Structures are given as structure tokens and as C-alpha cells.
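Structure, as C-alpha cells:
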Amino acid sequence: MYITDLKAISPQESYTEEVLSGQFKVHTDMVYRAIEPNYIGFIPKGLLRRMGKAVRMGVGSGLPLINDHQDIEGILVATANGGMEDCIKFLNQIVDYDEGILTPTNFVQSTPNAIAGQIALLGQNRGYNITYTNGGLAFENALQDAMLLFEEGSCNKLLVGGVEEISDYSYNIDFLLGKYKTEPIDKEWCLDSNTAGAFCGEGASFFVLASGPKGSLCRIKDLDQITYPKESDIEQLVSNLLSRNGLTPAEIDSVVLGYNGDVRHNNWYDHVGNSVFGDANVFCFKHLVGEYRVCSSAALWLLTHLFQGNRHLYTKMIKENRHDKPLKNTLIYNHFDADQHSFILVQRN
Amino acid sequence: MHKVFVTGMGVISSLGVGKEANLDRLCSGKGGIGRASVFESKYTGSLFFGEVNLSDDVLKELTDNQGSTDLSRTALLAFFAAEEAIKQACLSNEDLSSYRTGIISSSTVGGMCNTVSLYNDANRKDKPSTFIGSYADAEHTLQLIKRYGIKGYSSTINTACSSSANAIMLGARLIRSGRLDRVIVGGSDALAKYTVNGFNAMMILSDEPCTPFDANRKGLTLGEGAGYMVLESEKVVGKKNLLAEVVGYGNASDAYHPSTTSPDSIGPTLAMQKALELGGIKADEIDYINTHGTGTVNNDETELIGISNIFGQPPIFNSTKSYTGHTLSAAGVIESIYCIFSLLFNEVYPSLRIKQPMEGFAANDAYLSGIEIEHAMSNSFGFGGNCTSIIFKKV
């Protein structure tokens, strides 16, 4: 399947696309907050007021694409936590008011499928609609489903996106679980930190996918995933993925790896980037967008622009520059907490 | 394209622990809705629930999780139902850890049923609770993956009330695509203050046990439970006992309102239409419909409009939510299991507590046996207008 259009809200100026001309934001906080656009004008004010951030960002990225591509036939959204902020606000009401009369808005808006539901409603789209919440593999689930839909011949155009918001609440919980840094790192390339924990990010990245290459920016050829793997499982997975696509490891010119500054989990990326694909260029992305469960959607947004030859992104993202061949066969390899691992094979169209 | 068969099923609900207990209560018309005895909430005195009236500790014993301190109730229910399904399907360790075996689960509440801990952890009121890692929607799926050593495709879906129906649909599609040989599909939801208060704030909970398809129905009754099916490709079933075939499925978006269905029932109609088309099945070949049938004024009315749009005169239909209450994400799979009971035993269970049928429609309100059921349809319509319909065929 092919990417023909895309839109992202992220901790960079991705929505305005100023990041593409080299306007990078260096985050030195422990939390990378998204730079949100002014939604007024395309989300009705009354609705906007009631939307939590996840829904806002999802609608803000997805709805314009639906408006620009009236032939979209389905909406697939990935979000691990949905509108957690609204959810906990509602929960706080339950506890603070001892289950008294509560406002329903927070409840309805907090359910993870509110994002896909709202985009469908505002875009008047009655096609296939699904929300994946499978943590670090949710976005890959959405891509896989889209691929199935195209193979089944039931669609030619789809909207797929990943959304995650930083809510104080989900941050608190993940922080208590030791997922995040306890101190900021005051340099731009924070990914070779030698302490545990990552930097929490947020964003919404949406893509228009098409069944054919006309007008496309790059091609998503295949993907695969595994949970709780051993290192040998990763090697087997990669081997299967490449061979069923008629590729050898040497033909992968670039890998986009999910290094996130958490020293405990680097070994997976080291192995893939140095042993399995020792001749490929290595790119990173989490120093730009932070870590969150569906952040491979942000990696895909960035990679799509790398395919268009964007030199600013190239320079900012490159970790190992081993050759200067253009991007042709690339792999995004990402894991969340070293538990859920995925590979996405992206090719020049 | 490979045929998809159901080779294992597992269920736990207010009707009881396991398939036999559930089937027994369906046949005898003994619903599971009553006052909650385990669930703690201000509303247990005033509202009714379809509760699995076993404490978390008993569920831990039942699922070989004695002494665990971090499994949510949702996960415990899931463990039971998944084990029953996997055992019936006779899946070996080799089957379970094959790259061609997947798992797709679903939940609305996930681990957020542990309300008090979540409140404390989310607001950092105290030291982290033992449930600190259990809240995510996907957490129970990960627990199942860990227990069974599953390496293949995994997913967790949350489209509210249609979630596990979507899980069944996706599982069938993955098998048909040739990517998987077998997949464990289903969902789980435990009663939670979060959902009870949410639905109550929307004023769609009935203050009496729900009466789907009754002219004077007042709303839904919440339930809890878990259900799983093992779906397998015809390539690998060998001589296994086949419970049913998945022949049709469809999903569509109503795109009308976050929590009510359009007056013309566009989403439900589209979903049912797609399911029939995919299966190459004519409307008059559907012998029985297990409806979404929540008992709200809006759902039952619009669902019947949708059914009329497709079928004209509807086939025999009922709502088994009159037994179990609305089990949210687990509803799709639990009700599909009940559909398969109807297919296997040529019987239809009564929709309970109908005093005055809705004008022009009569849900089946008696136990019917000796009914030849070849094709059965199960409907699930969720928040956000997410509508899914699945068709099962007798094998």
C-alpha cells in the first residue's frame, strides 16, 4: 500500500511543516509536549470545547485529510490510552463526589474509540471503522488491517493514524513504573544517555493510504510484530520478512531505530543496527518526538519525508552514516519497553 | 481462500462459569441479572447487574493465579474463558507458540476496574499500588500472551460494545489472508465504577432488570464477563470437532452521534448488508439473529429498523443481554458463542421479561427446540457508531 498524503501534530513543527525547512525544537524537558495548531475553523467551537487533547489532535490531523480526500473508505486509529485525561477527570469525579451526579462528556470522550468515531462523524464517513489499543503495537495493528482491506479488494483509499496524549495521569503511572527519566538531559542528542528511562512524548500522525502507486510518496510493503521475543526470534522475524519480500539484508539501505535514551533497552537496537544491518544507515527519531506507545506513526511521518529527500531531517536524524545511497528499501524497527517489537518495511514508490 | 472454523469456545458470565453452565441457564430461561454481591459501588442497592458473583480471590483460584497481586478482574475473567476455549480446541504448546498463531482480545475497561488503586496511582496519592502496571487496555492481552507463549500476531481492540465482534472479524480475515493458521479471539470486561457511573451519567441505565424489545423498556443493565473462541483454518483443523464456520462479517460506521444510533439505522443496516454480501448469503437464509438488543429506547428501535431494512420480516430474533446484561467489549463474543449453541442444538432461547412486545415486532420469548438453524447472525453496535455483524454457519 502507498502513502499519498499525511499530517502530523508532534513536539516538532510538523503540522505547519516548518520542521521540514529545518525549524527544529530542541526539547530539554523530560516531557516533549506537542505543538498544537489552532483548530478553530475546522473543528466547530462547541465540539472543540468538549474534546480532550487526544481527540483534538486525532481529529485535527485526520479530519483535514478526510476533507481533502473525499474518496477515503475507512478509518483506522491506534491509541493505547485514548483520552486518558478525560478518563481520570471522570474517575476523580466518581471518587470526589462519591459517585454523585457526573458529567457524561468526560466519559464518552475518554473512550479510545472516540477519536475514530468523531472523525467519522465530522467527516460523514460510513466505511470500516476500528480502534486498536494494543500498546506499542497498536499502530502496526492498524497498518496491518489496512493492508488486509486493500488485499480483500474492498477499498482503494483509507485513513490510518496513531494518537497518544500526555495526560498527567498516564504520565504519573508510567513514571511510577520507571519508564521515564527522572532528570532532564541538557543536550540535543539525548539518545546515548546512560541512565534508565525515556522522554515522554505525544502526538497524532495520520496517513492517507492508497491501493496503487499513483501520486504516492512511498510504499509500505510489509510489516511484522512479536511480543516478548528472544533475540533469536527477532532474527527469525527479520529473516522471514525479508525473504518473503525477495530481499537480502544487504539490500536494506537504511534502518530507522527506536532508540529512546533508555540505556536498558539499547541492546535490541544495537544488534539490529550493527549486526543484522551492519552496512545500513541508521536513523533515530525519538529525540525529536519523544517516546509513546504509537510513536512508530511519527517515525513513519518522518521517514516519508526522508524519502522525499529532505536533507534537514536527514542531518537531524542520522546516527550512523555508512554510505550515501538514496533511500530505497528501509526498515523501521521499534519496540516499547522491549516487550512489543515491530518491523515496518517501507520502500521507494 | 481458506474456510474459517470455530474449534474452541470459552465463556464466563453471570450465567455461570463455563459453557455448560451458560447453556443450562439459557435453556431454562434463568437469567443472571440481579443485585451485585461482589462489586462495590453506591449503586449496588439501586441498580441491577449481570455480575459474575465470584470474588477476585475465587477467580484467582479458578485460573491458577493464586497469590497474584497485580491481575485485574478483567484479566482474571479473560484467563478463565481463554483456557476453556484453548482446551476445547486441543491446542498444543507447539501450536500456541507458532508464528502462525495469533491472539486478538478486547476490553472497554481493561484494568481500570480497580478504581480505587487507579485513583491513587493516577493522582500519586501514595506509594504505587500493586496494580500499577495493570490498567492498560492491552494489559490482559499481554498476560494471555505471557501465559501461553504466543509469538504470532497480537492485537487489542477497543470499539466499546462491538469490540469482540471486531476481534472475531479480524481473526477470520487474518486466517483467510493466509497469514495465520489459527487465532484466539474474544474479549473481557469486569464491572467497574468507571463504566457504571459513565452509563448512569448518560441516563441509559434501567432501574429494573433490562427488558430488550419490550414496548416500555427503560434502558440497559450492565454485566461483566469474558469469552474467547479459537478460530482455525480448514488447512489445520484435521479431524477436530468443528463447532461452526465463520461465513460472513461486516463493519460500518453510523457517523451520526457519539452514543446514539441514527433514526434510519444506517450503520447497523450497512454492517448487516456487508456481512451477507461477503458470505454470499441471501437475507432469507438467516434463520436466527442474536441482536445487540441492549434494552435502551434508542437501540432496540433503530436495530429493528435496520433489521427490517434488510430482512423485511425479521427471522427469529432475541436478545441474550436479557440474561447477561450488557457485557460491553465481551458482548460480541459471548453472544456469538450463544449463537453457536443455537446452531449446534437447533434451539433458540427466550428473550426474558417481555411483557408488552414492541409494535409490529415480536422478539422470541419462549424456549424453542427442534428449529433447523443453518445460519445465525450476531449483531454488536458500539459507541461512536461502530457497527459489526457476524454470520455463523452450521457445520
Side-chain angles (χ1 to χ4, degrees), chain A residues 75 80-82 87-88 90-95 98-99 101-104 107-109 111-114 116-118 120-121 123-135 137-138 141 144-145 148 151-152 168-170 172-173 175-177 225-229 233 236-237 240 339-340, chain B residues 41-43 99 107-108 110 112 115-116 118-119 121-124 128 132-133 135-138 141-142 145-146 150-160 166 170 173-174 177 193-194 196-203 251-259 266-267 270 382-386:
Chain A
I75 297 167
N81 288 330
C87 167
I88 305 294
F90 189 72
L91 187 77
N92 286 347
Q93 283 180 36
I94 292 172
V95 177
D98 194 27
E99 300 184 83
I101 301 298
L102 310 170
T103 45
F107 174 67
V108 176
Q109 290 290 349
T111 56
N113 66 312
Q118 277 290 351
L121 213 168
Q124 282 295 288
N125 184 289
R126 299 212 163 79
Y128 182 79
N129 193 292
I130 193 90
T131 300
Y132 289 100
T133 53
N134 199 37
L137 293 176
N141 289 155
Q144 182 72 272
D145 195 347
L148 280 179
E151 275 172 25
E152 289 159 0
D168 287 343
Y169 307 111
S170 52
N172 282 344
I173 289 167
F175 188 87
L176 289 171
L177 284 166
Q225 49 135 296
I226 189 165
T227 309
Y228 303 124
D233 289 315
Q236 188 64 60
L237 207 73
N240 293 347
D339 290 334
Q340 295 175 300
Chain B
S41 157
K42 188 170 106 166
Y43 294 105
Y99 288 135
S107 186
T108 299
M112 299 195 301
T115 308
V116 173
L118 177 58
Y119 175 83
D121 286 334
N123 292 290
R124 284 175 88 164
I132 186 75
Y135 302 120
D137 214 40
T141 313
L142 290 170
I145 291 172
K146 234 186 266 195
I150 293 169
K151 291 190 174 180
Y153 179 88
S154 72
S155 182
T156 311
I157 291 173
N158 186 348
T159 55
N166 283 327
L170 178 64
R173 291 166 61 216
L174 281 164
S177 78
K193 279 190 187 170
Y194 172 63
V196 172
N197 281 273
F199 280 82
N200 194 45
M202 294 167 65
M203 305 209 286
N251 170 278
S253 187
D254 194 46
Y256 172 75
H257 186 276
S259 53
I266 298 176
L270 273 173
F383 273 3
N386 198 290

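Computed from a predicted model, the values in this text were never measured in an experiment. Here is how names work: the chains are called A, B, and so on, in the same order as the sequence lines, proteins then strands, and each is numbered from 1.
Checked by atom type and distance alone, the side chain of A:Asn134 never pairs as donor or acceptor with a backbone atom of B:Ala138 at under 3.5 Å. Side-chain N or O atoms of B:Tyr43 include one that pairs as donor or acceptor with a backbone N or O of A:Glu99 at under 3.5 Å.
Salt bridge annotation for B:Arg124-A:Asp168: absent, with no cationic side-chain nitrogen under 4.0 angstrom from a carboxylate oxygen.
Put simply, of A:Gln124, A:Gln93, A:Glu152, the one with the most heavy-atom pairs under 4.5 Å next to chain B is A:Glu152. No other option in B:Gly384, B:Ala160, B:Ser154 has as many heavy-atom pairs under 4.5 Å with chain A as B:Ser154. Counting heavy-atom pairs under 4.5 Å between each of B:Gly110, B:Gly382, B:Ala255 and chain A puts B:Ala255 at the top. The residue among B:Thr156, B:Val116, B:Thr108 with the most heavy atom pairs within less than 4.5 Å of chain A is B:Thr156. In terms of non-hydrogen atom pairs under 4.5 Å with chain B, the most contact-rich of A:Leu137, A:Val108, A:Val95 is A:Val95. The candidate with the highest count of non-hydrogen atom pairs below 4.5 Å against chain A, out of B:Arg173, B:His257, B:Lys193, is B:Arg173. For the set A:Cys87, A:Ala120, A:Gly82, the count of heavy-atom pairs under 4.5 angstrom toward chain B peaks at A:Cys87. Of the residues considered (B:Leu174, B:Leu142, B:Thr141, B:Val196), B:Leu142 shows the highest number of contacts with chain A, using heavy-atom pairs under 4.5 Å.
Contacts between A:Glu151 and chain B at a heavy-atom distance below 4.5 Å involve the side chain alone, from C-beta outward. Neither the backbone nor the side chain of A:Asp339 comes within contact range of chain B; no heavy atoms are under 4.5 Å apart. Only the side chain of A:Ile88 comes within less than 4.5 Å of a heavy atom in chain B; its backbone stays farther off. Both the backbone and the side chain of B:Ile132 come within less than 4.5 Å of a heavy atom in chain A. Looking at A:Tyr128, both its backbone and its side chain come within 4.5 Å of chain B, counting heavy atoms on both sides. Only the side chain of A:Phe90 comes within contact range of chain B, judged by heavy atoms closer than 4.5 Å. Interface residue B:Phe199: backbone and side-chain heavy atoms are both found under 4.5 Å from chain A. Residue B:Met203 does not touch chain A at all, counting heavy-atom pairs closer than 4.5 Å. Looking at B:Ile266, only its side chain comes within 4.5 Å of chain A, counting heavy atoms on both sides. For A:Asn141, the parts sitting under 4.5 Å from any heavy atom of chain B are the backbone and the side chain alike.
Every residue two or more places apart in sequence or in another chain was checked for a side-chain hydrogen bond (donor to acceptor under 3.5 Å, both in side chains) with B:Tyr256, and none qualifies.
For the side chain to side chain contact (heavy atoms under 4.5 Å, CB included) test with A:Tyr132, the passing option among B:Ile157, B:Asn158, B:Thr159, B:Asn166 is B:Ile157; the others fail.
For the residue pair B:Tyr194 and A:Ile94, the shortest heavy atom distance occurs at CA-CD1, 3.7 Å. Of all non-hydrogen atoms in B:Asn251 and A:Asn129, the two that sit nearest each other are OD1-N, 2.8 Å. Of all heavy-atom pairs spanning A:Ile226 and B:Tyr99, the tightest one is CD1-CE2, 3.8 Å.
There is a side-chain donor-acceptor pair under 3.5 Å between A:Asn92 and B:Asn123.
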